[in-house]
Amino acid sequence: MEKKVRVRFAPSPTGGLHLGGVRTVLFNYLFAKKHNGSFIVRIEDTDQRRYVPGAEEYLFDCLRWCGLEPNESVQHGGSFGPYRQSERKSLYKKYADQLIEQELAYYAFDTPEELEKMRAQLATPSNPSPQYDRQVRLQLRNSLALGEAKTKELLDAGTPYVVRIKMPEQETLRFTDLIRGEVSFDTATLDDKVLLKADGMPTYHLAVVVDDHHMQITHAFRGEEWLPSAPVHILLWKHLFGLEQMPQWAHLPLILGPNGKLSKRDGAKYGFPVFAMNWTDPSTGEVTEGFKEKGFLPEAFLNLLALLGWNDGSEKEIFTLQELIDSFSIERIHSAGARFDYEKAKWFNHEWIKKSSTDRLLPEFEQRLFTNAISGAEREKLKQVVALVKDRCTLLTDCNEQAGFFFTEPAQLDTTAITGKWSAEKRAFFEWLANQYQTSSLGDAAAQELLFKEKAASLQLKAGELLLPLRIMLVGGKFGPGVFDIATVLGPTVTAQRIARALTLLP
RNA sequence: GGCCCGUUCGUCUAAGGGCUAGGACACCACCCUUUCACGGUGGUGAUACGGGUUCGAAUCCCGUACGGGCUACCA
């Protein structure tokens with residue numbers, strides 16, 4: 001029987017959740033759901049210096065907003081915990097000791113200063129970043145160079161040490177990546193990576209292998225930036241658990257910004273978000289805007305991320321989460337990096353707003369338009385407004401401009417758009433119109449338009465020259481849905497009031 | 001510098017030996033609309049370069065160029 005599919009997303013709680021991170025989550029999630037598997041979130045908090053308070057809760061908030069709930073995690077529980085690496089510390093030490101025992105790893109006592117010195121001394125123009133590798137390891141302070149007795153002496157004296165993997169002299173390490181096919185590395189070009197740090201914490205390399213094994217991960221998705229360290233992980237799997245136990249790797253192409261790797265700065269510089277939700281740096285108080293707050297629907301956010309480097313082979317571009325699950329396949333993930341295009345991202349959002357139901361959009365609008373709870377009557381009115389204006393909103397935040405005037409009288413009227421062709425006759429027409437709204441029942445939008453045009457014709461006025469002034473009077477500017485639709489939602493009293501008020505501002 | 005990955009319109013991509021290289025975003029034009037959008041129709045626009053293999057190459061192979069990533073006791 002096939003092993004049950006288990007995948008994981010393994011972020012370090014150091015800051016905002018990036019576009020690329022969400023896409024990695026999404027692909028994990030889609031793959032898990034597609035194969036009735038489990039999606040696990042494991043917190044990789046092994047670097048205590050980079051730990052940022054609040055980042056972990058923030059991460060789960062983002063996943064919740066996206067609707068990508070894990071099956072197992074710090075917050076969701078599960079039988080493979082703990083799901084925080086800092087709480088699994090002793091486990092890693094055990095494997096580090098085992099590797100040393102088998103002479104596949106060794107103790108290194110070099111201090112950070114000594115390492116820095118070594119690198120500075122060995123650096124040449126043709127080799128700007130010397131490695132801690134087979135070439136130099138015998139000249140450094142480690143158990144390989146020092147011998148058993150001296151090593152024991154240092155250990156007994158409590159000298160701080162790290163554990164480094166002993167890269168084989170010359171061996172070709174190969175594996176089949178689900179996205180790129182066979183990838184191979186020559187160990188002769190690789191360095192002796194640290195596995196266990198001086199503080200007893202594992203590095204990513206050791207932790208990812210140990211945890212993937214213990215959590216029975218079957219498929220490991222991660223960003224392409226990890227590809228160069230894959231051979232270290234392959235080697236550890238070989239040494240510790242056997243290659244046949246190793247999960248299948250899939251290195252996802254990177255999401256690029258306008259120039260190169262997408263960074264937080266790019267967002268600030270080019271005016272688009274890079275994080276899923278607003279992230280506040282607790283040390284500086286600096287806020288980095290998120291897609292949520294920018295006015296994206298999570299459905300659209302996931303949709304656009306999925307289509308960045310993946311497609312189902314057809315020309316379909318708009319997918320619900322369920323449709324993504326149904327049609328997802330790793331083979332159709334592109335191998336090249338994809339440049340993020342904010343214009344296209346907005347298009348996805350617009351398509352989603354258009355296709356979403358009024359009920360789906362109602363809370364989104366309500367939350368943005370009102371600070372306090374609203375009455376049932378107001379909510380009914382808002383429903384009509386949403387239906388009327390949603391097609392014109394690219395971002396949810398556009399609702400302020402597109403729908404705000406239904407609830408609040410426009411602060412300013414763009415009267416310059418009227419005054420050019422203003423006349424006493426027109427004034428008289430609007431006085432009549434305000435009176436009509438005030439005193440008679442004018443019927444639906446079509447009926448109002450008919451009456452409006454008939455009256456204009458009887459006064460020898462062009463309806464077209466009266467429509468724009470009416471719009472300005474009701475809306476404040478040259479935007480919004482059909483004027484009579486607006487008047488209908490506003491109701492006759494408010495419509496009459498707005499016309500009357502505008503007339504006081506006109507000659 | 002070394003190692004690894006990549007390369008089809010400006011951007012995201014389809015086409016995995018065989019049509020005039022298809023679609024989407026953006027852009028332009030026209031239509032619709034007496035606001036602005038939506039919508040409709042059409043248009044501009046690409047196989048990085050050089051060699052092979054083949055009757056035939058965007059597709060397979062090699063080289064070059066370019067782009068990206070990694071090269072920490074960070075992930």
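Since this is a predicted model, take the numbers as computed values, not measurements. Lettering follows sequence order; numbering is per chain, from 1.
Base orientation for B/C38: syn, the chi torsion being within 90° of 0.
Atom CZ of A/F340 and atom P of B/U13 are 13 Å apart (whole Å). Here the P atom of nucleotide B/U35 and the CD1 atom of A/I418 are 15 Å apart, to the nearest Å. When the P atom of B/A37 is taken as reference, atom CD1 of A/I353 falls 17 Å away, rounded to whole Å. Summarising the geometry, the separation between CG on A/D398 and P on B/C38 is reported as 12 Å, rounded to the nearest angstrom. For A/L304 and B/U13, the CG to P distance is 12 Å, given to the nearest whole Å. Straight-line distance from the CD atom of A/E331 to the P atom of B/A14: 14 Å, rounded to whole Å. As rounded to whole Å, 14 Å separates atom C1' of B/C3 from atom CD of A/Q170. Between the CG atom of A/D485 and the C1' atom of B/A37 there is a distance of 14 Å, given to the nearest Å.
Here the CD atom belonging to A/Q448 is positioned 9.5 Å from the CG atom belonging to A/L470, to the nearest 0.5 angstrom.
Backbone-only contact: A/H334 has heavy atoms under 4.0 Å from sugar-phosphate atoms and none from a base. Within the nucleic acid shown, A/G482 comes within 4.0 Å of at least one base atom, counting heavy atoms only. The residue A/G477 sits apart from the nucleic acid: no heavy atom pair falls under 4.0 Å. Within 4.0 Å of A/R180, counting heavy atoms only, lie sugar-phosphate atoms of the nucleic acid but no base atom. When heavy atoms are screened at a 4.0 angstrom cut-off, A/S184 is found touching the sugar-phosphate backbone but no base atom. Residue A/K354 is in sugar-phosphate contact alone, with no base atom involved, counting any heavy-atom pair closer than 4.0 Å across all strands shown. As judged by a 4.0 angstrom heavy-atom cut-off over every strand, A/L307 is placed among residues touching the sugar-phosphate backbone only. Within 4.0 Å (heavy atoms only), A/V483 reaches no atom of the nucleic acid at all.
A/F291 and A/F275 have their aromatic ring centers separated by at least 6.0 angstrom. With ring centers used as reference points, A/F328 lies 6.0 Å or more from A/F319. A/F221 and A/F9 have their aromatic ring centers separated by at least 6.0 angstrom. Between A/H214 and A/Y95, a ring centre-to-centre spacing shorter than 6.0 Å is recorded. The aromatic ring centres of A/F296 and A/H350 sit 6.0 Å or more apart.
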Problem set entry | Nucleotide-resolved protein contact map, nucleotides 16-33 of chain B, B/S/- at heavy-atom distance under 4.0 Å | ------SSBB--------
Seminar exercise, completed: Per-nt protein contacts along nucleotides 67-75 of chain B (heavy atom under 4.0 Å; B base, S backbone sugar-phosphate only, - none) come out as -SBSB-BBB
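Across all strands shown, B/A57 remains unpaired; no Watson-Crick or G-U wobble contact has both distances below 3.5 Å. For B/G42, the paired nucleotide is B/C28, the pair qualifying as Watson-Crick or G-U wobble because both relevant distances are below 3.5 Å. Nucleotide B/A37 is matched to nothing when pairs are restricted to Watson-Crick or G-U wobble geometry with both distances under 3.5 angstrom. Under the Watson-Crick or G-U wobble criterion, with both distances below 3.5 Å, B/U8 is left unpaired in every strand shown. As the counterpart of B/A48, B/U64 is assigned, both hydrogen-bonding distances of the Watson-Crick or G-U wobble pattern falling under 3.5 Å. In this structure B/C73 sits in no base pair that meets the Watson-Crick or G-U test at under 3.5 Å. Pair check for B/A21 finds none; no Watson-Crick or G-U wobble contact set falls under 3.5 Å.
Qualifying side chain to side chain contact (heavy atoms under 4.5 Å, CB included) partners for A/L155, counting only residues two or more places apart in sequence or in other chains: A/Y107, A/F109, A/T151, A/Y161. Residues passing the side chain to side chain contact (heavy atoms under 4.5 Å, CB included) test with A/E299 are A/L297, A/W352, A/R360, sequence neighbours excluded. Looking at residues two or more places apart in sequence or on another chain, you find a side chain to side chain contact (heavy atoms under 4.5 Å, CB included) between A/Q48 and A/D199, A/M201.
Picking from B/C4, B/G1, B/A14 the nucleotide with the shortest atom distance to the side chain of A/P128 gives B/G1. Of the listed nucleotides (B/U13, B/G6, B/U35), B/G6 has the atom at the smallest distance from the side chain of A/S335. For A/F185, taking side-chain heavy atoms from C-beta onward, the closest of the listed nucleotides B/C4, B/C12, B/U35 is B/C4.
Defined by atom type and a distance below 3.5 Å, a donor-acceptor pair is present between the side-chain atoms of A/H251 and A/R222. Side-chain atoms of A/S86 and A/D45 form a donor-acceptor pair, as typed in the model, at a separation below 3.5 Å. Counted by atom type alone, A/N311 and A/R332 present one or more donor-acceptor pairs between their side chains at under 3.5 Å. Between the side chains of A/T416 and A/D414, at least one donor N or O lies within less than 3.5 Å of an accepting N or O. A/D110 and A/Y132 share a side-chain donor-acceptor pair at under 3.5 Å.
Around the CD atom of A/E116, the shell of radius 6.0 Å holds no more than 12 heavy atoms that belong to other residues, nucleotides or ligands. At most 12 non-hydrogen atoms from other residues, nucleotides or ligands lie less than 6.0 angstrom from NZ of A/K383.
Straight-line distance between the P atoms of B/U33 and B/A15: roughly 41 Å, to the nearest whole Å. To the nearest whole angstrom, the two C1' atoms, one in B/A21 and one in B/C62, are 25 Å apart. Taking atom C1' in both B/U13 and B/U59, the straight-line distance is 16 Å, to the nearest Å. Rounded to a whole angstrom, the distance from the P atom of B/G45 to that of B/G22 is 12 Å. Using C1' as the reference atom, B/U53 and B/C61 are 7 Å apart when rounded to the nearest Å. Remark: the separation of the P atoms in B/C32 and B/A46 is 32 Å, to the nearest Å. B/C19 sits 15 Å from B/G56 when the P atoms are compared, rounded to a whole Å. The P atoms of B/A57 and B/A14 are separated by 22 Å, rounded to the nearest whole Å.
At the phosphate of B/G2, neither OP1 nor OP2 sits under 4.0 Å from any side-chain N or O atom of A/N127.
Contact check of residues 399-417 of chain A against RNA chain B (heavy atom, cut-off under 4.0 Å) returns no residues at all.
Nearer the 5' end of RNA chain B, as judged by each residue's closest nucleotide, is the contact made by A/D186, out of A/D186 and A/G313. Nearer the 5' end of RNA chain B, as judged by each residue's closest nucleotide, is the contact made by A/A336, out of A/A336 and A/C393.
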